[in-house]
Amino acid sequence: EYWEAPRTNVRENLVSAMYGIVRGQTARAGRLLGPLSVRYIVVPIVDGAQSTRSTPIPAPPGLVDALSRQLDLKRKFASPDLVVFENTAWIPVRSVLTQVGAENSQLAGARSMITAEIAGAASLGSVEHAQQKVVANVEPGTVHLAMPFTSQWNVAVNGENIPGRPAFGLTNAYDIPNAGQATISFSTSWLQSFLVALQLVAWLALAYVALSRRQRRERSRSADSVLSSEAPIMSMQAVEPQ
């Protein structure tokens with residue numbers, strides 16, 4: 001139901017973390033997932049479609065055991081249907097990092113992130129839509145957004161724009177010098193707006209063509225019905241007797 005996610009540094013970091021877990025290359029993969037705000041890892045056993053309770057498909061051999069060996073992953077829930085692990089090193093999508101976390105956000109690369117302590121960030125609140133504007137009071141520190149790094153994110157404190165920098169080589173960080181009211185917003189690029197408008201025009205054109213063809217067919221059927229109703233059902237002809 002969804003397009004495949006494009007290849008980005010964030011996606012590659014996720015893939016590296018999962019390979020590290022499965023292959024036993026690290027016991028701190030939770031710290032690789034933490035800056036991306038990954039809180040839960042779910043291993044489905046029975047999905048009700050291909051894997052049912054009557055004929056379950058077992059999870060890949062060793063996967064649950066490999067997740068259980070991770071120091072930052074705690075088994076939260078287990079049942080015959082699924083197993084849920086919670087990442088204790090996760091940080092909220094919009095948060096203020098601890099002082100240690102802010103210092104470690106200057107690091108980049110898997111090896112550096114594995115040794116970095118980032119837990120304990122304070123959430124700035126959740127939103128319904130990922131790009132929804134957020135307004136919150138902040139103290140001096142580092143605001144972190146667990147989104148792929150881009151200049152389209154804007155953070156302003158008391159009306160003053162705060163320059164962004166890459167955090168952990170992947171996400172967005174904003175160093176706040178003074179306390180105040182922070183506004184976090186996202187600026188859509190003109191190219192994205194143009195493509196959305198183009199898509200809307202294309203759908204409207206398609207709907208117009210489809211409705212026009214349907215109306216023409218209905219008019220054609222109506223005309224045929226009228227012609228057939230005006231034709232005589234039976235014709236009589238007088239014949240002179242011989």
Side-chain angles (χ1 to χ4, degrees), residues 1-2 4-5 8-102 104-105 107 110-130 132 134 136 142-148 167-173:
E1 295 181 0
Y2 297 94
E4 183 180 6
T8 62
N9 290 337
V10 171
R11 178 181 174 180
E12 295 302 322
N13 195 77
L14 284 168
V15 173
S16 298
M18 296 310 298
Y19 275 131
I21 292 173
V22 173
R23 296 172 179 173
Q25 297 172 341
T26 177
R28 289 289 188 181
R31 292 183 177 182
L32 295 175
L33 302 174
L36 308 180
S37 196
V38 176
R39 185 175 183 181
Y40 296 104
I41 298 177
V42 180
V43 181
I45 308 298
V46 174
D47 59 11
Q50 294 182 347
S51 179
T52 62
R53 292 186 177 180
S54 58
T55 56
I57 300 175
L63 177 59
V64 175
D65 292 336
L67 291 168
S68 300
R69 288 192 293 267
Q70 294 296 310
L71 300 178
D72 296 316
L73 301 183
K74 306 300 180 183
R75 188 177 297 203
K76 191 75 174 179
F77 177 79
S79 73
D81 294 350
L82 53 85
V83 182
V84 180
F85 292 87
E86 183 177 13
N87 181 15
T88 60
W90 84 291
I91 55 179
V93 177
R94 296 164 181 80
S95 62
V96 177
L97 300 176
T98 63
Q99 183 176 354
V100 175
N104 289 330
S105 68
L107 305 174
R111 293 185 179 181
S112 299
M113 292 172 62
I114 287 173
T115 62
E117 178 61 48
I118 60 175
S123 175
L124 291 177
S126 59
V127 294
E128 184 176 355
H129 305 291
Q132 185 175 338
V134 172
T142 299
V143 170
H144 177 262
L145 303 179
M147 312 282 187
F168 309 102
L170 301 168
T171 50
N172 305 267

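Computed from a predicted structure; not experimentally measured. For this chain, numbers begin at 1 and follow the sequence in order.
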Residues two or more places apart in sequence or in another chain: which of them pass side chain to side chain contact (heavy atoms under 4.5 Å, CB included) with [X]?
| X | result |
| --- | --- |
| Q99 | E103 |
| M18 | I21 |
| A89 | R31, D72, N87 |
| L14 | L33, L36, V38 |

Taking side chain to side chain donor-acceptor pair (under 3.5 Å) as the test, write out the residues that go with [X], two or more places apart.
| X | result |
| --- | --- |
| T171 | H144 |
| E86 | R39, K76 |
| S54 | T52 |
| S37 | none |

(message) Looking at Y40, I want to see if its OH is surrounded by more than 12 non-hydrogen atoms of other residues, nucleotides or ligands under 6.0 Å.
(response)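 Counting other residues, nucleotides and ligands, OH of Y40 exceeds 12 neighbours.
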(message) Taking salt bridge (charged side-chain N to carboxylate O under 4.0 Å, His left out) as the definition, give me every residue that meets it alongside K74, ordered by chain and number, with sequence neighbours left out.
(response)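 With sequence neighbours excluded, K74 shows a salt bridge (charged side-chain N to carboxylate O under 4.0 Å, His left out) to no residue whatsoever.
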(message) Suppose we screen for salt bridge (charged side-chain N to carboxylate O under 4.0 Å, His left out). Which residues come up paired with R53, at least two apart in sequence or across chains?
(response)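 Salt bridge (charged side-chain N to carboxylate O under 4.0 Å, His left out) list for R53, sorted by chain: D81.
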(message) I'd like to check V46 versus P80 (side-chain heavy atoms, cut-off strictly below 4.5 Å). Are they in contact?
(response)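 Contact flag for V46/P80 side chains = no.
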(request) Work out which heavy atom in N104 is nearest to a heavy atom in E117; give both atom names and the distance. (result)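 Result for this residue pair: ND2-O, 2.9 Å.
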Show the atom names and distances, to 0.1 Å, of all donor-acceptor pairs under 3.5 Å that link a side chain in residues 62-70 to residues at least two apart or in another chain.
unit_1	atom_1	unit_2	atom_2	d
S68	OG	V64	O	2.8
S68	OG	R75	NH2	3.0
Q70	OE1	R28	N	3.3
Q70	OE1	A29	N	2.9
Q70	NE2	T26	O	2.7

